[in-house]
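Please read these numbers as outputs of a predicted model, since none were measured by experiment. Protein chains get the first letters and strands the later ones, always in sequence-line order, with residue 1 at the start of each.
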Amino acid sequence: MQDRIVMLADLDYFYAQCEEVRNPALRKKPVVICVYSGRTEDSGVVSTANYIARSYGVGPGIPIYAAKRKLKEKDAVFLPVDHIFYSLVSERVMTILKGHADLFEQVGIDEAYLEVSNKVMGELDHAVELAKMIKTEIRSREGLTCSIGIGPNKLIAKMAADFTKPDGLTLVGLGQVQQFLFPLEISRLIGVGKRTSEKMQTLGISTIGDLARYDLGQLMNVFGRRLGRYFHDASNGIDYRPVKAKEQLQSISRISTLKEDTRDLETIEEKIEGLCDQIGDMVLREDLLFRSIGITFVANDLSIHSRSRTLQAPTNQLRVLKKIARDLIRRFLNESEIIPRRVEVRVANLKRRHGIQVRLMDPESNRAG
DNA sequence: GTATGCTTTCGGC
DNA sequence: TTACGGCCGAAAGCATAC
């Protein structure tokens, strides 16, 4: 493959920064964006927090109650997520980013990969100038800071962006990949979480360099073929994944926390019904058809259990969605003793509805069954 | 053996 | 001391078809 120049642009502490833009007085205070479950006054978790809050140990994933304790007397501001507002901001930023890329791939609401090889004519210093320009444009148009990593592939671009934040800009040229990666702690490698990190320690691997030098065959034995190969390649800075626009939404899900843990069918069905309605709205709005329907229970011990069914033909019928979701939860509750805490409905195998019309003309559909 | 499809689980943001 | 969301894509694991 030709040498590539890939950028990863990551909006800093995105939700909290959006709130700072909306109300600049927040900038001097700890800001904590919360997902309230509605179960009790402060039940729920922190979605994200600004860097002042983080300096007190408050960050994504911790319970709201714990965050309040840590920030007592600190003049902290707790706000509920406003997803609609953040989405509008995100959309405008993504439009800016896309305009500077040969190839563009959005990841989540606050991140995107840009392949810029042609745009900068293969010159790394041009890529750095482009990144500075992008940062300036996002700051002047939206008042937001972001962190940008530049590298020869997605993996290095992403890790470079993570290396300096917030408001960072990190370049890792092809010749600098090893000196960048090898000293980093193994937990910094994308795909190495807490469990894998512990397992690696027992193998005597504590830095990415240690992993890079480890025998590929041994890694495959320990982690399986695929993952072993990934760890070997990634630690050596190798990543051939192309920057590629997402072509179709893959699934739509809605999840909600029950007022209290219960196996009561009526309570659960009522909740499921509401989730189906939300999904149905989205399916119609986006003009989609779905073919798989699934439900998930998060039990009171936080264990996760799911069931799904795939239809013969895609549909957009709310009736069908509700009936199957109901069947799935009834059957699951009969088979299992778990006590549900949260319930989720998901549809997948999505297609655009006008796709049906196209299919009549599609030579594929003329094949003998 | 490979390709493909389906169900369930995992983990990033 | 505990406390614990709402999404999404994709991998894992298995079955079936050729």
| message | What range of DNA chain C does chain A touch, first nucleotide to last, counting atoms under 4.0 Å from its heavy atoms? | response | dA3(C) to dA12(C)

| request: Can you tell me, in whole Å, how much space there is between the C1' of dG5(C) and that of dG12(B)? | output: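 One C1' to the other, the span is 14 Å.
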
| Pick from T262(A), D261(A), I338(A): which one makes a side chain to side chain contact (heavy atoms under 4.5 Å, CB included) with N300(A)? | D261(A)

| request: Only one of V192(A), I186(A), T196(A) passes side chain to side chain contact (heavy atoms under 4.5 Å, CB included) with I205(A); say which it is. | output: I186(A)

Is the number of heavy atoms from other residues, nucleotides or ligands under 6.0 Å of [X] [atom1] greater than 12?
X: Y51(A); atom1: OH; result: yes
X: E335(A); atom1: CD; result: yes
X: E270(A); atom1: CD; result: no

Does either side chain, that of [X] or that of [Y], offer a donor lying less than 3.5 Å from an acceptor on the other one?
X: Y13(A); Y: E20(A); value: yes
X: S292(A); Y: N349(A); value: yes
X: Q17(A); Y: N50(A); value: no

| What do the steps show when you test R331(A) against D327(A) for salt bridge (charged side-chain N to carboxylate O under 4.0 Å, His left out), and what is the final call? | CA-CA 6 Å; R331(A) 194 170 326 161; D327(A) 288 355; 5.2 Å; no

| Smallest separation among heavy atoms of A160(A) and G149(A), with atom names |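 Scanning both residues completely, I find the closest heavy atoms to be CB-CA, 3.8 Å.
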
| Can you tell me how far the OH atom of Y15(A) sits from the OG1 atom of T48(A), to the nearest 0.5 Å? |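 Going from the OH atom of Y15(A) to the OG1 atom of T48(A) covers 9.0 Å.
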
| Taking DNA chain C as the partner, which of residues 250-257 of chain A come within under 4.0 angstrom of it by heavy atom? |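 The stretch gives Q250(A), S251(A), I252(A), S253(A), R254(A), I255(A), S256(A), T257(A) as the residues lying under 4.0 Å from the strand, ordered by number.
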
| field | Any residue of residues 62-72 of chain A with a heavy atom less than 4.0 Å from an atom of DNA chain C | value |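 Nucleic-acid contacts, sorted: P63(A), Y65(A), R69(A).
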
| Hey, what's the ring geometry for F231(A) with F223(A), parallel, tilted or perpendicular (30° and 60° as the breaks)? |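 Answer is perpendicular, since the angle exceeds 60°.
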
| Cation over ring, K68(A) on F78(A), under 6.0 Å and within 45°? |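 Yes, a cation-pi geometry holds between K68(A) and F78(A).
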
| message | With a 4.5 Å cut-off on side-chain heavy atoms, are V283(A) and L350(A) touching? | response | no

Return yes if some donor-acceptor pair links the side-chain N/O of [X] with the main-chain N/O of [Y] below 3.5 Å, else return no.
X: T296(A); Y: E344(A); value: no
X: T95(A); Y: E91(A); value: yes
X: R39(A); Y: L258(A); value: yes

| note | Comparing nearest nucleotides in DNA chain C, the 5'-proximal residue of the pair T40(A), E105(A) is T40(A)

| field | Residue whose nearest DNA chain C nucleotide is more 5′ - S43(A) or L249(A) | value |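 The residue closer to the strand's 5' end, by nearest nucleotide, is S43(A).
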
| Axis-to-axis angle between the two ends of the helix from dG1(B)-dC18(C) to dC13(B)-dG6(C) (five base pairs per end, rounded to 10 degrees) |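 Comparing the axis at each end, I get an angle of 20°.
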
| request: Tell me, with the steps shown, if V128(A) and I150(A) meet side-chain contact (heavy atoms from CB on, under 4.5 Å). | output: CA-CA 8 Å; V128(A) 172; I150(A) 304 171; 4.1 Å; yes

| task | For G61(A), report the nucleic acid contact type (base, sugar-phosphate, nothing); a contact means any heavy atom under 4.0 Å. | result |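 If one applies the 4.0 Å heavy-atom cut-off, G61(A) turns out to touch a base.
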
| note | Under a 4.0 Å heavy-atom cutoff, the residues of residues 74-87 of chain A touching DNA chain B are none

| note | Scoring nucleotides 6-13 of chain B by protein non-hydrogen atoms under 4.0 Å (B base, S sugar-phosphate only, - none) yields SSBB-S-S

